[in-house]
Amino acid sequence: MEANTSSKTSGVPSLLANVEVSHLDGFDTTTPMQSPKPVLHPDTGRPARMRPPERVAPRSEAVIPAFDSPFNPPGQRSGHPVSISLPSSPTGFGEPLVAPGGDLHERKQAMSNAAQEPAQHVRFVQPHRVMFRSQPNPGGVPTHAVRRMGSRGGRTMNRDKRYDSFKTFSGKLERQITHLAGGGVPVSTPEEEEFAQGQGEAVSGDNVDRFFAALEGPELDKLKSSEELALPADKKWPFLLRFPISAFGMCLGVSSQAILYKTIATAAPTEFLHVNPKVNLVLWFISVGLMSIITAAYAFKIIFFFEAVRREYYHPIRVNFFFAPWIACLFLAMGVPPSVATQLPPWLWYALMSPFLCLELKIYGQWMSGGQRRLSKVANPSNHLSVVGNFVGALMGASMGLKEGPIFFFGVGVAHYTVLFVTLYQRLPTNATLPKDLHPVFFLFVAAPSVASMAWAKIVDEFGVGAKLAYFIAMFLYASLAVRINFFRGFMFSLSWWAYTFPMTGAAIASIRYATVVDNAFTKALCVGLSLLATLTVTGLFATTMVHALVYHDLFPNDIAIAITDRKMKPIMELQESGKDDDSRSGSSKDVEAGATAAVAPEA
């Protein structure tokens, strides 16, 4: 009782007054259950007075090293609170320095000595066994890991998932390549996730009306204002997505020039021009190189973006350009220089015409079936590309000495060209895709009869009445377009214009063949003039293409034709009209209620 009174008087709790302390190097520890022996003075034999501990730095002076946080920008540090766990019970404190049976005076002296020392200077006995408890680390990615991933160049770390609906592997191959290269896990923003989920609907192959409803222009390559895209319109798409099948038109234009100069160098009516055969050799090698580059690029598109290729195939106009690669191969075979090969093997003709026949069975069957892709609905001058290949194949086969095969394709070409010619001339009301203004695509009218005249001349071994009949039709169509040259002004450059150069080259070659039979000054001047015009056209298009590719960098813009969706946005005018209708309906309902109230009031 007296000890308690003395502790209250000194202002120090009895628990702290009877504690022996010493320095401790660790945290979260407890002392053994047995108490250490008290330290005795060597002279008096009594317990020695405790030595005041060294000054402990207050909390304000303690320096806690900061660590990086993944939630702060690099280089910015922020301190985090440090949690220190203390024992839940005072069992770990030492026993009092004074023995239980000691003198009362000695106990008071010990308590007074403890009261003179600062209360916060408490030392703990060094334990025999230390226990460490780990504290949880803050969540997130460690800073060193973030820096390591960022130092690798950020390879596809922010992969845009909005293009996954057009990718063959839906981004799986890209993620695997990134992982093997040592890159981090690709991430995307929530906006890209939402866009990829809501905008990636594929257009049904049978629903050709969707292309007509969403697109406009002579080639159905411009989006209407009331439509939305399946790909971001504010960004430049990957190159393969922007690379169209119509790029093979460049191969048609250049390879047809190789045939033209081979004919000029060897034909009798143009011997006075003294054209060197090396011109044909140079143009042929340029054509082979161009064909190889474009074929490789489109092959990669088939591998990595097959959905985009599928949409081009279902496009009512783009599908005709799938004949262009095989026509270009036929041109290369016919334009091969004599120094490279003098005679081609027959199997080459069968190899090139087999895929052509498969495409014809598909396209011509759709024209006759009367379904969504019947000819009266999808007829366009670009359909001549699917017809002219029959005459080119017949011409090449007849030049190689074949008989039955060339006649077969010539008959198929004549039948379908006649139907297509009549359909395009009629301008049926159901054919809403045919443009009202004249466009260079109409030069495709000249291609089929020009090549057909040469093919029939090779089949019958003379430029007779049948060949002349087809040639005269081609010349009339050519002249009818040439006299309306003013109608071709004001059109934007398009890559598909290259497909319209070979009809002019074909007309020039047919004129040279005709001049061999009818040799006079007019026919010679005609074949020279048409050849010069075709060469200038190809040269001008080549220069324009280089300017758009190297200067303007817009040779391959975003291919809008393949990025339409099945959903249609509601036009703004329609929304405004619907709002006005709602207002009128609400106003009329209010008038009815007011009239009913006025009618009830007199009765009351």
Side-chain angles (χ1 to χ4, degrees), residues 208 211-212 215-222 244-250 252-253 256 312 315-324 327-328 359-360 363-364 366-367 373-392 413-452 470 473-507 534 537 541 561:
V208 70
F211 289 97
F212 295 147
L215 301 172
E216 59 185 359
E219 300 169 11
L220 288 182
D221 57 352
K222 296 178 177 59
I245 185 66
S246 56
F248 283 97
M250 293 187 289
L252 294 177
S256 62
E312 281 192 302
H315 192 279
I317 294 180
R318 291 286 182 87
V319 64
N320 299 291
F321 285 90
F322 280 86
F323 292 90
I327 299 176
L359 284 173
E360 285 185 334
I363 302 302
Y364 295 168
Q366 292 176 347
W367 287 2
R373 296 180 178 272
R374 60 186 182 273
L375 182 60
S376 61
K377 188 172 186 176
V378 301
N380 188 276
S382 61
N383 293 122
H384 285 100
L385 288 173
S386 62
V387 175
V388 71
N390 293 287
F391 302 121
V392 176
V414 169
H416 289 87
Y417 175 75
T418 304
V419 175
L420 179 62
F421 185 83
V422 174
T423 304
L424 293 176
Y425 250 68
Q426 284 182 339
R427 295 268 187 129
L428 297 178
T430 55
N431 187 6
T433 62
L434 200 62
K436 296 181 180 179
D437 298 330
L438 220 52
H439 192 269
V441 70
F442 280 85
F443 269 104
L444 289 173
F445 275 97
V446 183
S450 299
V451 183
I473 294 175
M475 290 297 102
F476 174 80
L477 295 175
Y478 197 118
S480 65
L481 294 175
V483 297
R484 291 171 175 81
I485 192 64
N486 292 332
F487 287 92
F488 296 98
R489 296 178 179 177
F491 289 96
M492 298 295 295
F493 172 77
S494 175
L495 193 63
S496 60
W497 283 26
W498 274 96
Y500 316 146
T501 57
F502 83 91
M504 303 177 66
T505 306
T537 302
L541 275 178

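Worth knowing before you read on, the calculation uses all heavy atoms, side chains too, and leaves out hydrogens, waters and symmetry mates. The structure presented is a predicted model; accordingly, all values stated were derived computationally and were not measured.
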Taking the side chain as every heavy atom from C-beta outward, state whether [X] and [Y] have any atom pair closer than 4.5 Å.
| X | Y | value |
| --- | --- | --- |
| Phe442 | Leu477 | no |
| Arg373 | Trp367 | no |
| His384 | Leu424 | yes |
| Phe248 | Ile327 | no |
| Leu215 | His315 | yes |
| Pro316 | Asn380 | no |
| Leu495 | Pro244 | yes |
| Tyr364 | Val387 | yes |

Where is the tightest heavy-atom contact between [X] and [Y], given as atom of each residue plus distance?
| X | Y | answer |
| --- | --- | --- |
| Phe391 | Ala448 | CD1-O, 3.7 Å |
| Leu220 | Phe211 | CD2-O, 4.5 Å |
| Ser450 | Ala474 | OG-CB, 3.2 Å |

Applying side chain to side chain contact (heavy atoms under 4.5 Å, CB included), run through Trp498 and Leu252 and close with a yes or a no. CA-CA 7 Å; Trp498 274 96; Leu252 294 177; over 6 Å; no
Audit row: Val378, Phe212, side chain to side chain contact (heavy atoms under 4.5 Å, CB included) steps and yes/no: CA-CA 10 Å; Val378 301; Phe212 295 147; 4.2 Å; yes
Phe476 atom CZ: more than 12 heavy-atom contacts under 6.0 Å: no
Could you check whether Glu360 and Asn390, counting side-chain N and O atoms only, form a donor-acceptor pair closer than 3.5 Å? yes
Could you tell me whether the side chain of [X] and the main chain of [Y] form a donor-acceptor pair under 3.5 Å?
| X | Y | result |
| --- | --- | --- |
| Glu312 | Ile245 | yes |
| Thr505 | Thr501 | yes |
| His416 | Gly413 | no |

Pair Ser382, Glu219 - check side chain to side chain contact (heavy atoms under 4.5 Å, CB included), show working. CA-CA 9 Å; Ser382 61; Glu219 300 169 11; over 6 Å; no
Among Val388, Ile363, Asn320, Leu444, find the residue that satisfies the side chain to side chain contact (heavy atoms under 4.5 Å, CB included) test when tested with Asn383. Asn320
If we check side chain to side chain contact (heavy atoms under 4.5 Å, CB included) with Phe502, which of these qualifies: Leu385, Val392, Val446? Leu385
Anything under 30° is parallel, anything over 60° is perpendicular, the rest tilted; go ahead and classify Phe421 against Tyr417. tilted
Partners passing side-chain contact (heavy atoms from CB on, under 4.5 Å) against Glu216 (at least two apart in sequence or in another chain): Lys222, Lys224
